[in-house]
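Worksheet for the structure shown next.
In what follows, chains carry the letters A, B, and so on, assigned in the order in which the sequence lines appear, proteins first and then strands, with residues in each chain numbered from 1.
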Number of protein chains: 2
Amino acid sequence: MSEISPEEAARHRAKMEKRKAVQDAEVAEKTIEKGLLIVHTGPGKGKSTAAFGLALRTLGHGGRVGVVQFIKGAWDSGERAALESFGDRVAWHSMGEGFTWETQDIARDIAAATRAWEKAQELMADPSIGLLILDELNIALRYEYLPLDTLVTTLATRREGLHVVVTGRNAKPALIEAADLVTEMGLVKHHFKAGVKAQKGIEF
Amino acid sequence: MSEISPEEAARHRAKMEKRKAVQDAEVAEKTIEKGLLIVHTGPGKGKSTAAFGLALRTLGHGGRVGVVQFIKGAWDSGERAALESFGDRVAWHSMGEGFTWETQDIARDIAAATRAWEKAQELMADPSIGLLILDELNIALRYEYLPLDTLVTTLATRREGLHVVVTGRNAKPALIEAADLVTEMGLVKHHFKAGVKAQKGIEF
């Protein structure tokens with residue numbers, strides 16, 4: 001990098017002083033604390049991964065995390081093994097039977113989704129849980145395996161202070177409407193297109 | 001949910017059998033294994049969070065993870081505390097001095113970014129590291145605190161098998177070009193807009 005002139009340094013400082021004032025004013029305006037309903041959707045990678053990353057924040061502050069997987073079955077994954085090293089501070093429940101094209105059985109898919117939602121409600125009622133991850137719930141809602149209106153109402157009227165993250169593509173508009181924070185993971189470039197296979201540490 | 005008729009169940013099964021065949025063929029086509037250069041960019045939340053979630057996958061499989069933070073300073077965060085519970089399997093280096101509007105000193109910002117990049121190269125050379133997170137490197141590149149061409153070349157010619165994740169808004173086109181996997185986190189809805197403040201477990 002080239003040398004910074006005194007003029008350039010002064011210009012930078014003046015600009016950053018202004019920016020700092022704007023930033024401080026914006027922070028001061030925000031006073032509400034509340035449990036958030038968070039949705040990670042979109043075709044890109046990182047929806048479940050960011051939810052598990054958020055689990056680290058709760059765990060790092062000494063809290064407890066619940067995870068209910070609506071689609072994935074009880075297979076081994078790196079994220080599960082790592083989070084289970086936190087012992088009973090992570091309540092992990094893989095309630096799915098696998099992807100719809102693996103089970104090929106709609107009645108079985110519905111039964112699995114219903115059991116997963118019962119487990120989710122149980123964890124929502126547990127006051128020791130600070131963050132609840134409902135992984136791939138959007139898939140179960142998209143296929144209409146669960147009643148959307150009832151679910152959204154139950155999520156919206158959850159106990160105060162509980163953060164809930166719902167993941168999966170094609171989030172329903174009613175869920176987005178009820179949510180506090182919605183991120184759409186966009187696919188800019190994917191290694192599968194270049195013939196790279198699913199790898200340990202990346203996909204599982 | 002209403003009862004599934006035998007006809008509906010059969011239709012579902014036939015559709016899913018076809019989908020499974022397509023899926024299997026697609027998986028069979030992908031044969032390459034390689035360390036990936038991953039970029040998380042965009043204005044939405046979840047860029048760093050998804051990188052830390054990916055760290056869980058590597059840790060769950062027994063690997064080691066390096067983290068270099070280019071902007072954030074040595075403040076306490078939940079994700080750092082949680083990842084540090086994995087002991088020396090996580091090499092965490094907060095090399096930043098804080099946001100540009102906090103330091104208000106361009107020479108200091110450049111010096112911090114340069115030290116962070118030196119630490120990143122050191123970790124790239126360490127064969128025990130399976131995943132390296134270069135957190136907010138995009139910010140240092142955007143402000144031209146580091147030479148883009150040299151960085152992209154060094155990242156592209158890294159040792160085989162090493163996964164690198166670069167996070168931060170406004171990723172440079174040359175970095176996106178060199179990357180294997182790029183996700184753009186889009187902001188659909190943010191709780192800050194509704195007056196909710198930064199909270200433990202969500203923002204830090």
Practice item. Below 4.5 Å from any heavy atom of chain A, which atoms of B:E33 appear? Answer side chain, backbone, both or neither. Key: both

Practice item. Compare every heavy atom of A:L54 with every heavy atom of B:I202, then report the nearest pair and how far apart it is. Key: O-CD1, 3.6 Å

Check your understanding: Hey, what do you get for NE2 (B:H191) to CG (A:L181), rounding to the nearest 0.5 Å?
Key -> 5.5 Å

Review point. To the nearest 0.5 Å, what is the distance between CD1 (A:I106) and CD1 (B:I4)?
Key: 4.5 Å

Practice item. Check whether A:E203 gets within reach of chain B through its side chain, its backbone, both or neither, counting any heavy atom under 4.5 Å. Key: backbone

Check your understanding: Just how far is it from atom NZ of A:K197 to atom NZ of B:K30, taken to the nearest 0.5 Å?
Key -> 12.0 Å

Review point. What pair of heavy atoms forms the shortest contact from B:Y143 to A:R19, and how long is it?
Key: OH-NH1, 3.1 Å

Point to revise | B:E79: which of A:T58, A:L59, A:L56 passes side chain to side chain contact (heavy atoms under 4.5 Å, CB included) | key: A:L56

Revision key, fill the gap. A:G60 and B:A81 have their tightest heavy-atom pair at O-CB, 3.7 Å

**Study point:** Nearest heavy-atom neighbours spanning B:E177 and A:K189
**Key:** O-NZ, 2.8 Å

Point to revise | Spacing of B:Q104 atom CD and A:H12 atom NE2 [to the nearest 0.5 Å] | key: 8.0 Å

Review point. Which answer fits B:H190, side chain, backbone, both or neither, if we ask what part of it has an atom under 4.5 Å from a heavy atom of chain A?
Key: both

Exercise for review: Mind checking the NZ-CZ spacing from A:K200 to B:R57? Nearest 0.5 Å is all I need.
Suggested key: 14.0 Å

Review point. To the nearest 0.5 Å, how far apart are CG in B:D109 and CE in A:M16?
Key: 8.0 Å

**Study point:** Part of B:E26 lying under 4.5 Å from any heavy atom of chain A
**Key:** neither

Review point. Any idea which heavy atoms bring A:Q23 and B:W101 closest together, and the distance?
Key: CG-NE1, 3.4 Å

